[in-house]
Amino acid sequence: MRAETLAPAMMIASGSIHAIVNAILKGGKDKMAGRALIDGSSALLLLPATLLVPLPHGAWGWLILSAAIHCLYLYALVRAFETSDFSAAYPVMRGAAPLLTACLAIGVFGEAASAGELAGIAVMGGAIATLAIGRHLARAGLVWALLTAAMIGCYTVADARGCVRFRSRRATSSGRS
């Protein structure tokens, strides 16, 4: 399969699996234990794959930061599902995440954005606000859903920065620039 078709297929599969896992989590009685079981079993399944990739020399700080952010994300996710309906919280948290990621990348790391991209970000922000209001999401649920979205944005940016740092370190150590 070519990369042009494989990448979108993987994104669709990943998003679908993610939604299913979160729906299962929302339906469980003890959401914190359910999330721990999901993440623990995922870690065990993926552990052998760590033998196939190089160690992230030069990116350890970003890796540690990402792990800490993921812990906050998981806590906020569970709290969002405990305080609100899945059909209200999930679209807000997953929809606001790209918006917050873009704001972090532009605001914190100075990523360039065209006028069209900024307009798209503004439209996305308005759509998420409309969605949150239209779903009648309780204040606590909205706060936890937005905190979850913020943590998704933070770990996305941290992971991207860590990858850039890791790649530049590998290129420098192998003699490429």
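- The two residues L47 and T50 have their closest heavy-atom pair at O-OG1, 2.6 Å.
- In terms of hydrophobic clustering, with Ile, Leu, Val, Met, Phe, Trp and Tyr side chains grouped at heavy-atom distances under 4.5 Å, Y73 and V108 are assigned to a common cluster.
- Here the closest non-hydrogen pair linking L45 and P48 is O-CD, 3.5 Å.
- In this structure, L6 CG and M11 CE are separated by 10.0 Å, a value rounded to the nearest 0.5 Å.
- Aromatic ring pairs are classed by plane angle as parallel below 30°, tilted from 30° to 60° and perpendicular above 60°; the pair Y155 and H70 is parallel.
- A donor-acceptor contact shorter than 3.5 Å is absent between the side chain of S66 and the backbone of W62.
- One hydrophobic cluster, built from ILVMFWY side chains closer than 4.5 Å, holds both M124 and L118.
- Of all the heavy atoms in V92 and A88, the pair that sits closest is CG2-O, 3.5 Å.
- Residue I38 is grouped with residue I17 when hydrophobic side chains (ILVMFWY) are merged at heavy-atom distances under 4.5 angstrom, including chains of intermediate members.
- Minimum interatomic distance between I121 and C103 (heavy atoms only, all atoms of both residues): CG2-SG, 4.4 Å.
- Following chains of ILVMFWY side-chain contacts shorter than 4.5 Å, one can reach L104 starting from L65, so the two form part of one hydrophobic cluster.
- With rounding to the nearest 0.5 Å, the separation of CG in L72 from CG in L77 is 12.5 Å.
- Side-chain contact between L74 and D39 is present, with heavy atoms from C-beta onward closer than 4.5 Å.
- Residues W144 and L147 have side chains in contact (heavy-atom distance under 4.5 Å, counting atoms from C-beta outward).
- The shortest non-hydrogen separation linking A59 to G162 is CB-O, 3.5 Å.
- Between L100 and I152, the closest side-chain pair of non-hydrogen atoms is not below 4.5 Å.
- One hydrophobic cluster, built from ILVMFWY side chains closer than 4.5 Å, cannot hold both V157 and I64; they sit in different ones.
- Atom-to-atom distance recorded for D159:CG and T101:OG1 is 10.5 Å, nearest 0.5 angstrom.
- For the side-chain hydrogen bond (donor to acceptor under 3.5 Å, both in side chains) test, no residue two or more places apart in sequence or in another chain qualifies with R139.
- Considering CE of M151 and OG1 of T156, their distance stands at 11.0 Å, rounded to 0.5 Å.
- Contact record, M93 with A145: CB-O, 3.4 Å, taken as the closest heavy-atom pair.
- At most 12 non-hydrogen atoms from other residues, nucleotides or ligands lie less than 6.0 angstrom from CE of M10.
- Using a 4.5 Å heavy-atom threshold, the side chains of F81 and Y90 count as touching.
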